[in-house]
Amino acid sequence: MSASLPTAQDVRDAAARIAPHIVRTPMLRHRLLDQMTGGTILVKPEVLQRTGSFKLRGATNAAMRLPDAARGAGVVTHSSGNHGQAVACASAMLGMPALIAMPMDAPAIKVESTKRWGAEVTFFDRRTTDRETLASRLAAERGGTVLPPFDHPDVIAGQGTLALELFEDAKAAGLTLDGLAVCTGGGGLVAGCALAAEGASPGTAIWAVEPEGWDDTKRSLEAGARIANDGQGETICDALLSMRPGEITFAVNQPRLAGAVVVTRAEVFRAMRFAFEHLKIVVEPGGAVALAAVLASKVDARGKVVGVVISGGNVDPAVFAEALAA
């Protein structure tokens with residue numbers, strides 16, 4: 001293990017550190033959602049976060065933890081968009097340069113938003129390029145620091161702060177979460193949520209939710225070792241297309257997660273449509289998978305209090321129109 005594992009205390013420390021720089025997103029409820037699932041559903045809408053996704057939490061925490069001596073050369077990362085935007089935003093806040101390597105097929109809305117924060121963007125082919133190797137090479141050329149999208153203790157700790165907020169808001173409403181469904185790519189968000197639960201709500205079962213064809217966390221948990229995707233699945237959930245769980249994220253998740261479930265494209269589009277029509281929020285496909293799992297009863301909410309993370313809302317208009325028309 002190349003880095004020490006983050007802890008529940010690290011999540012609490014991150015919450016205090018980043019609070020002035022992020023939005024404390026609200027807890028949403030809707031009677032129809034409860035009726036359809038048979039439970040009490042508490043939605044955490046990170047689409048309302050600055051940069052449009054939860055990624056700002058981890059990026060801000062990791063950037064703020066960089067020593068002053070490392071900030072001058074800036075940071076480098078690889079991202080399909082949401083982490084890239086977050087790193088660009090956090091870097092702008094701290095006055096650091098940022099270089100973001102993005103897949104050539106990344107949604108245009110994410111590319112433009114990343115550039116808008118002042119970051120430099122370079123492109124790669126997601127099917128033929130090892131993105132970790134690319135980021136390391138670019139950082140070495142510039143003397144910068146790699147801030148990976150999920151497999152980093154400070155990133156994981158920052159992401160977990162959204163679960164702390166949800167546990168606090170649920171408690172204020174007189175509720176305790178029986179379960180929490182979390183959108184999962186490389187596993188950083190669900191790892192942070194699992195650590196947050198360990199410290200603040202140990203009775204909450206944490207469920208990873210993945211898109212069909214990119215179920216590396218599910219298969220890895222079942223195998224007891226990290227298993228890679230074949231990379232051939234469809235790319236509609238672009239935010240969740242990590243090839244395999246991270247070394248650190250899997251070490252956190254393996255002993256803590258209740259399990260993982262997989263949702264289809266049709267189920268994702270149904271969740272996007274529900275969020276738009278009833279919750280009045282715009283959700284990208286990858287950000288909708290946890291809601292999709294609850295609506296499809298793949299995470300069983302009957303008679304339970306279940307949290308749902310809606311992780312991002314940076315969706316291309318054409319994809320959003322397709323979801324609404326499906």
Does [Y] offer a backbone N or O that forms a donor-acceptor pair with the side chain of [X] under 3.5 Å?
X      : Y      : answer
Arg219 : Ala228 : yes
Asn253 : Ala191 : yes
Asp169 : Pro26  : no
Arg226 : Ser220 : no
Arg265 : Pro211 : no
Arg126 : Leu241 : no
Asp130 : Thr133 : yes
Asp34  : Ile41  : yes
Arg256 : Val252 : yes
Glu210 : Thr184 : no

Would you say that [X] contacts [Y] through its side chain, given a criterion of any heavy-atom pair below 4.5 Å between the two side chains?
X      : Y      : answer
His78  : Leu134 : no
Asp238 : Lys110 : yes
Leu162 : Cys193 : yes
Asn229 : Asp215 : yes
Leu42  : Leu175 : yes
Glu284 : Asn82  : yes
Lys115 : Ile100 : no

Any donor-acceptor N or O pair under 3.5 Å, side chains Thr25, Glu46: yes
Check against side chain to side chain contact (heavy atoms under 4.5 Å, CB included), Val283 and Phe276: CA-CA 8 Å; Val283 185; Phe276 177 70; over 6 Å; no
Point-to-point distance, once rounded to the nearest 0.5 Å, from [atom1] of [X] to [atom2] of [Y]:
X      : Y      : atom1 : atom2 : result
Thr37  : Leu32  : OG1   : CG    : 9.0 Å
Leu295 : Met36  : CG    : CE    : 5.0 Å
Leu33  : Leu291 : CG    : CG    : 6.0 Å
Ser311 : Lys55  : OG    : NZ    : 9.0 Å
Leu257 : Trp207 : CG    : CH2   : 9.5 Å
Ser79  : Leu147 : OG    : CG    : 11.5 Å

With the 4.5 Å side-chain cut-off for hydrophobic clustering, are [X] and [Y] part of the same group?
X      : Y      : value
Phe150 : Val75  : no
Ile109 : Met272 : no
Val309 : Ile18  : no
Met27  : Val305 : yes
Phe54  : Val47  : no

Closest heavy-atom contact between [X] and [Y]?
X      : Y      : result
Gly186 : Ser242 : N-OG, 3.2 Å
Pro285 : Val315 : CD-CG2, 3.9 Å
Thr217 : Gly185 : OG1-O, 4.1 Å
Pro103 : Ser80  : CD-CA, 3.6 Å
Asn61  : Ala157 : ND2-CB, 4.0 Å
Val268 : Cys237 : CG2-SG, 4.2 Å

Flag if over 12 foreign heavy atoms under 6.0 Å of CZ, Arg12: yes
Ionic contact status for Lys218 with Glu222, cut-off 4.0 Å: yes
Side-chain atoms of residues 85-99: list all donor-acceptor pairs with protein atoms under 3.5 Å, sequence neighbours left out, distances to 0.1 Å.
from  : atom 1 : to     : atom 2 : distance (Å)
Gln85 : OE1    : Ser113 : OG     : 2.6
Gln85 : NE2    : Gly81  : O      : 3.3
Ser91 : OG     : Val87  : O      : 2.7

Candidate pair Ile22 and Gln49, rule side chain to side chain contact (heavy atoms under 4.5 Å, CB included), full reasoning: CA-CA 7 Å; Ile22 64 162; Gln49 187 57 256; 3.6 Å; yes
Residues Arg127, Thr235; criterion side chain to side chain contact (heavy atoms under 4.5 Å, CB included); working and verdict: CA-CA 11 Å; Arg127 297 190 185 277; Thr235 59; 3.8 Å; yes
Side chain to side chain contact (heavy atoms under 4.5 Å, CB included) evaluation trace for His152 with Arg65: CA-CA 12 Å; His152 188 289; Arg65 293 269 288 159; over 6 Å; no
